[in-house]
Each structure stands twice: as structure tokens, then as C-alpha cells.
2 protein chains.
Amino acid sequence: MSRRRTRRRQRQADVPETAVSPIAQPIHNLPVYDLVDDPQLDRIHQASMQILSEIGIAFLEEESQAILKEHGVEVRDDIAYFDPALIEEYVAKAPGQFTQLARNPERNIIIGGKHICFAPVYGPPYVYDIDRGRREATLADFQNFVKLAYLSPYIHHSGGTIVEPTDEPVDTRHLEMIFSHIKYSDKPFMGGVISGEQAADCVTMAEILFGVDEIRQNPALLSLINISSPRRLDDRMLDALKVYTRARQAVIITPFVLSGAMSPVSVAGTVAQLNAEVLAGITLAQMINPGTPVVYGAFQTTIDLQSGAPVFGGPESQLALYLNAQLARRYGLPFRSGGMFTGSKITDAQGGYESIMSMLPAVMGRVNFILHAAGWLEGGLAAGYEKFVLDCELLGMYHKYLQGVDFSDDGLALDAIRAVEPGGHHLGTEHTMRHFRTAFYRAELFDYNSAEQWQDEGALTAAQRANKKYKQLLKSYQPPPLDPTIEESLREFIAKRKKEIGAA
Amino acid sequence: MSRRRTRRRQRQADVPETAVSPIAQPIHNLPVYDLVDDPQLDRIHQASMQILSEIGIAFLEEESQAILKEHGVEVRDDIAYFDPALIEEYVAKAPGQFTQLARNPERNIIIGGKHICFAPVYGPPYVYDIDRGRREATLADFQNFVKLAYLSPYIHHSGGTIVEPTDEPVDTRHLEMIFSHIKYSDKPFMGGVISGEQAADCVTMAEILFGVDEIRQNPALLSLINISSPRRLDDRMLDALKVYTRARQAVIITPFVLSGAMSPVSVAGTVAQLNAEVLAGITLAQMINPGTPVVYGAFQTTIDLQSGAPVFGGPESQLALYLNAQLARRYGLPFRSGGMFTGSKITDAQGGYESIMSMLPAVMGRVNFILHAAGWLEGGLAAGYEKFVLDCELLGMYHKYLQGVDFSDDGLALDAIRAVEPGGHHLGTEHTMRHFRTAFYRAELFDYNSAEQWQDEGALTAAQRANKKYKQLLKSYQPPPLDPTIEESLREFIAKRKKEIGAA
């Protein structure tokens, strides 16, 4: 333990200033958008309580069932029926916000309250770029996206399975992913959730990096536990949940809901079911380890009822997001939802329209942890290189937006208004000169030139400009220094685990 | 008069059902987003009152100055200094909402209150389509856009100068534009504002179409009076304002503000100035004709302080829009702002991102009249054919969004939730089947197919799909029947005016 502590202190002292601008997490101090009043919200809450107590939630794992029973939950034929009072009691044990550790402590993040955290896309088996088109993702792609996330001042988190490294064996993939997050970034990252065994490996690697005691004080891992809606938690996710909550690592309990398939087509019904599912998962987590950090997650969208394909950025999902955000606030829980979603295969106009249609409500609704905040394409099946860097431009805008309005005398600027004659201009006023650099967010990848100039410069699409940009970024990348003894320990652990897993 | 009334009644009886779906204006019954509290809003109001009383607004037209003086305003060196009490008194005379007539009465629109109206882009001298690129707009383009706006169920208004018909002489262009709105659409439209004389022509044409008395009851024209910020109303706009308000036709008083150029770089200062300018214009209108319908307008965006070019969709403009919307509500006035703004020259990802960044806040902030809701490209210098039809898809989404959430038992859908087993699906439930057609808004031009299917179908961008769509629409277009005697009267008037204007 003390050896690790010494290591850590030493590492921090050695770390030189990185190339990454230290822009902090935005604080959402603006009024939050509430879609419904308290009686309407209560109607959904009550419907969820009815689902939890009468209709029930399936937990397809024996030990979880035993834990639920021990704590007074009725379980019959794998289905748990919860007393609403029990739900309220255990949900109340979860902290309203918590800090997730980064190996660079300046990049620790707060999840919950008024804090917003943007994290990259999660899960795509494919990648897309203009030059090579769509192809299976590799570990090299994974590392590229870790680097791009590290380089963006507007991404606060290295994410999890940014892409699936399909060239790595499934059983040991998680080891290389966690190592890549640690090696190529110094931002916080997520643990694997495919099985309890893999989750345990991720916890061990976090212990090597941060120290066993340190990660019991503040979690070093934040992991995504998906509920297989409708009303079902599977054994592998439950195994991972048990490992993480026992190690006091944070989990995001997230029903994955396509309305019309995994839930009713109606917004209220979808949210009532989703809410019941989240609360069931959080209750189990708090029974396992009271006070362990959890996040209320909601991944919800609709399907195209003609083809069954998922649809992103639609109006029904915006409504559902606002309702879920209000419910999470009602329970005093950190909330995860939103993202730059699109069904488009490429970074075209559809990609832009749909991304903001799903992302802006997440910002307005004060979502605390926004996964998929950059790089999402093709309904989540592909991570786009160009999309990633373009999405980051928008994340910069949200940082500026969340600063709100300056109501000081300087903000009201009556002296400047007085100084400029009718029909004159403010370009050279003392006020303008003083605020020149910070007045407006400037999106580097958006073109503001005249049509003629844009033509002269090659008539590039936004995606073509982004193509150049991501290559420049990867070329400029410098890894944040990592203590070689920690790197060695991690490598040793990975080698040992690969041998064990191979033998099994 | 009675001849006209008979005509009109007859015309209405003759009109067959059109091909255009009669989707009504959306009602914004959701909670409106208020960015600031009352004391903060009052700080802006007070700053505006200081601008109006101490710094003053220039009215560069003699009769307007005389009217102001008659009503107790102090005018020195073309600059009017308003007593705040006088402002409050006259602003209070403006109606909170009003109906604008359409020649098909089913398409009359309400402006103000909780009603939302979407209108096409206004003013571009260029058009863009994928096949022919960027070129000067013609009357044929103007008519094409009138047809596209007519064909969209999500556009409630035919707009004004959708594009500048540059192949028509400047002095008589307004006659052909108004005639095209009347001939090719039956939705409400806007009047010309280049001069008092042109405004008078527009009023006469509206009188021919609707009847002299009819348009005194409810306005047939809604016209855009731009204020030349900072703090200046020019003679030509004032002439048009006088004509319209005397004829009791509605005007939108809109400062055109690029922060950093026409106003301070700060949001609060920009809004304080803009608010003062609008209130000055509205006060004059109410002095001319108390109770005449007016709209509080705010066209505000920022500039790129490196190049001086306008920037659209930025975070500062969103904040300003919310503040202006709150101020308009404070004064009880209908509000105009927002639009599908972008600086992009084409319908690419930048076009999509920026459009929603500026449009969604307009919907959330309950803007009553959203000009530029479809077709805007290149900072307003070009109208895009592909952009127009894609923007309309989003307008459809906003219609659905504004319906809000169904909190009935059927909306909560507990029976459906109960009927589906854990891990099952809702695709075939009775509840899903019953709501199949209306559950989700479906954007025809967005691709939800698999990557493989999308490849097989030509790997089209959203803009390429939109290119096909707008051509199909124009091909399918059928004009709404127009009473031949009215058409003849209009044509006679236009011929007479062209002769007079040519002789002058």
C-alpha cells in the first residue's frame, strides 16, 4: 500500500505540463428545464412503483436473488417484487454526487449535482473515416480514439469501450482496453462489464494504478450496467455489478430501451418502465454495498415502426429524456443520458441535425454524465473519426453556453452602447477590445468564410475539414507520462491474466 | 366592397380539397424555458429604459419625428429620448396575439400566445442546389420556394422575399413577389418593406384579394421592419412602417444585430440595446395607430472576431434568444426570432449542427413566429433547395414534440407493460398496434437502414436524398385554385403600377 502511495506521489511530481488545455467540467448553473409538474411526475413515479411491486423485475442470477430475499424482497420464478418503501429506503442510500479519480488528479471529475461530464462514444464494432470507409474496429482504432479524447479540452472522460478492438481475443480484450486508457490518457475511464471475472480484472488494474485504499475512498472506475429491457437483468451484467459495487466502484444502471420494442410506444409508459428498471438495479447495488456510488442511466430512443430500425434524435426521445432527468433529480441521483446520436452512416446533414436534436436536450435537462458525446455514427454501430472531432466543436459551445449571462455593469455595457453613434459599429470599442478573446466561442471546423473564399479553399464539406483535423491531432499527440514501474506492474498483470485465461 | 365580399365567398365555395395536408399550427403547451429570474430580467429592462431615455434612438425620417414629438417624446438632432412611462403606455396598447388572414381561411394563422408559426427563409439573393450549384435567384426560384412551402404541412406561412428575384426590375419586383405568393399558395404572406410606395402597393393587392374592410379587422400582411442597429431607424423602413400601421397591417419590428458589430460583444448588453430598439419602434407604431398588430422581433447572432463574418448557431445567440423571449413575454407581445441558421454554403454536417443549435432554442423558448425556418444557407445569402426540404423534416419533429406527453392510463400503458414478459418485445402488442401510425414522427429523408442497405441504395448523403425529394415535390405540385376575377384584378393592378413606375 505505502509503496503504491509513494509511487503515486512520485508520478505526480514527475508529470510535466501536458499539451491538453485544462478546461474544467462545466457547471450547469442555469435554470434546468422541467417538462412536467410534480403531480404529473408523481403519476410516473407511482406507475413505476406499481411495476416494481405488482409486475416485477427478473433477476436472472442466483446470488442476486438471494441478496434481494435477504433484504425483504419477494422473489418468485426469477421475478422480484419490491415493496415501494424498500425501494425508497435503498435508493436514498446512494450519494447525490461523487468524484471519479483520474490518474492526473487535475482531471478528477465530479458526477452529479450541477456538474456535467462529456465522454466519448461507447461500444461500436466498426469505425468510419472518409479515406478508408467503414471497417471493423481494431485496438489501434481504440487507441486513436483514446488519444483524440485526451486531446480535446471539451471531453472530460476517456470513456470505456470507445470501439470494440475486434482484432483482440474477446476474453482478454478488456485488459488491453483498460491498459490503453491508462497509457494514452490521464483522464478517468470505465470498466468492462462482460462478466464478473473481467470486472475483477479491471478493479485490480485500477488498484495497481491508484492503490487499493484510494479507490475505496473515491471510485476509479465507472462502469455501464445495461438492463435488458423489458424488466430483466441478466447474469453477466449482475456478476459485473456485484464485483464493482463490492469494490465500491461506480456503476451506471442503464435500461437500454427502444420504445415500441423494449417498452410501450408511449412516452409515459416507456419512462415508467425504464424508471422501475433503474430503481430495481440501484436498490440491489445499495443492498450489496450501502452508499456505493451509482448513476441513474437512461438510454432511450424509438424504432422505425416500418422497419424496426432504431431512430435517433426524434421528438419522443427528447420528451422521455426530460422526464427521466426530472425523476433522477427527484430521487437525488446523478443522471446519465443523451449523446450525439444519429442513424446516419456518415457525417452528413442528417448526422448534424440528429446529433443536436438529441444532445441539446441533454444539456438543457442537466444530464450529469453524457456518454456518446462524440464520435457516434450509424445508430452506435460505428465510431466516426470525422464525427468525433466535429462533435467536440459542439461540446465547446456547450461549455460556453453553460457559463450563462454576465449581468454585471460590464456585461450590460451601457458605456459601450453610449459610446457608439446610431448606425456606427462596436468593432473597435474599448469594451470589444477588452473581451475580444473570450466573447464568443469559435468553432475551428465550421466555415464562416464567404462562398467565394470557401470555393477557393477547395469547397470542402465539414466532414472533409474534420478529416484533416483528426489526422493533425493524432500526429501532434504526445502521451502523458506514466510511471514506468506502474506500467510494468500493469503489463505483468496483463501477461499473467492472459496466460490464465488462455489455460482456462 | 360588397362585390369583393361576394367574390370571396364564392371563391371559398369553389375551392376543392388541396393536396396539402391540413396540419394545424402547433400550440406550445409545454413549460416555457426561462433563462433568468425576474430581478435579472428587470436589470435588462432597466438598462433598456436607460438607453431609451438617456442615450436615445435615431429616427431618420421627419414625419416619424413629428409623430413622436406630438406624443410627448423629446427629439433632438434626429435622436428620440423616450420617457419610460410613455414606452410602457404605448407598448401596452399592442395586442398580445392576432390572426393573420390566408386566402384559404383554414390556413389563417394566429401569431402570439402559445401559437407557433414556421415561415420560410427570407431575403437571400442566391439559390443553391446540388445540380447547378450557387447562382443568382430568379422569379422562377421564388415561385419554386413558394410551391415547396405550400406543399409542406409543417410550414404555416408563405413568407416574404423567400429569395430575391434578381431577374425582375428592383422597382417592380415586389408586385411579382406578392402575386406569386397569392397565385401559387393559399397560405398567409408578408409585404414588401423597401419603401412606403411599395408597401402601399402590397396593401392594395391585399385589399383586392381580401377586401378593404376585411383586412382592417384582421391583417392580411405581416411585414418585416428591420432596425439598422445600433439605435437607428432609417427613412425607408419608417415609410413602410407608417403605411402598414395606418392600414392596420401587422409589422415585425426587428433589430438586425450581429453582436460585436452592431452591439456590444456581451449578451446582456446586446439584449438591452436590442430591447430598447424594438420598444422604440413598437411605441411609434402604437402612436400611429393604437392597437395595430405588432410583433417583437429579434434577429441576433455573433460575428467571428477574427474575420468579421457572421456566425450562426453559437452559444451566445441561444442565451440572447431566451432573454429576448422572456422580455417579449414580459411585455405581453408576440415574439419573432430563431430559424434554421447556418454559415455553411451547402447542406453538410455544419448545416445540420448549426441549424438545430439555433432552431431548438427557438422552439423551447416559445417563439411565436419563426422566420427562416426552412431553406437558409450561407449566412442567409443563399436559399438551398435541399436544405429547405430537410429543414421541413425537423419542423415535423417539432410539431410532434410540442404535443407533449400523454399522461392518461393509455399513455402510462401499464396493461401493455404487464402483458410483455421480461426480455420479450412490444412489437405486436395490442397497445402498439393501436398507436402504430401516430406513435413516432418519421422523417422520410433520414436514413434508418443498415449500412449494407444504405450502400446498396447508392450510399446517398441526406442532401442527395433531399435533392430527389424537392424535384418530386415540384413535379407533383398543383396550384390551389384562385378566383379568375381576382387574378385578373391583380394582374390589371400590376400592369398599371408597372406602367406608372416605369414612367416615374
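Letters A, B, ... mirror the listed sequences (proteins, then strands); counts begin at 1.
- With a 4.5 angstrom heavy-atom cutoff, L390(A) touches chain B via backbone and side-chain atoms both.
- Contact of the Y448(A) side chain with the F312(B) side chain is not registered, since no non-hydrogen atoms from C-beta on lie closer than 4.5 Å.
- Looking at I79(B), the atoms closer than 4.5 Å to chain A (heavy atoms on both sides) all sit in the side chain, from C-beta outward.
- When heavy atoms are compared at a cutoff of 4.5 Å, A463(B) does not approach chain A at all.
- Heavy-atom distances place both the backbone and the side chain of R418(B) under 4.5 Å from chain A.
- With sequence neighbours left out, the side-chain hydrogen bond (donor to acceptor under 3.5 Å, both in side chains) criterion links S229(B) to E277(B).
- Both the backbone and the side chain of Q40(A) have a heavy atom closer than 4.5 Å to some heavy atom of chain B.
- Proximity to chain B (any heavy atom under 4.5 Å) is shown, for V271(A), by neither the backbone nor the side chain.
- If you measure heavy-atom distances from L402(A) to chain B, you find no contacts under 4.5 Å at all.
- Interface residue M262(B): only backbone heavy atoms are found under 4.5 Å from chain A.
- Interface residue M364(A): only side-chain heavy atoms are found under 4.5 Å from chain B.
- Side-chain polar atoms of R134(A) and Q455(B) form no donor-acceptor pair below 3.5 angstrom.
- Contacts of D304(A) with chain B are made by side-chain atoms alone, with heavy-atom separations under 4.5 Å and no backbone atom involved.
- When heavy atoms are compared at a cutoff of 4.5 Å, D37(B) does not approach chain A at all.
- Contacts of L394(B) with chain A are made by side-chain atoms alone, with heavy-atom separations under 4.5 Å and no backbone atom involved.
- In this structure, chain A has no heavy atom under 4.5 Å from any part of D78(B).
- Looking at I303(A), both its backbone and its side chain come within 4.5 Å of chain B, counting heavy atoms on both sides.
- In this structure, no portion of D415(B) lies under 4.5 Å from any heavy atom of chain A.
- Neither the backbone nor the side chain of T429(A) has a heavy atom closer than 4.5 Å to any heavy atom of chain B.
- The salt bridge (charged side-chain N to carboxylate O under 4.0 Å, His left out) analysis of residues 349-360 of chain B, with sequence neighbours excluded, yields no pairs.
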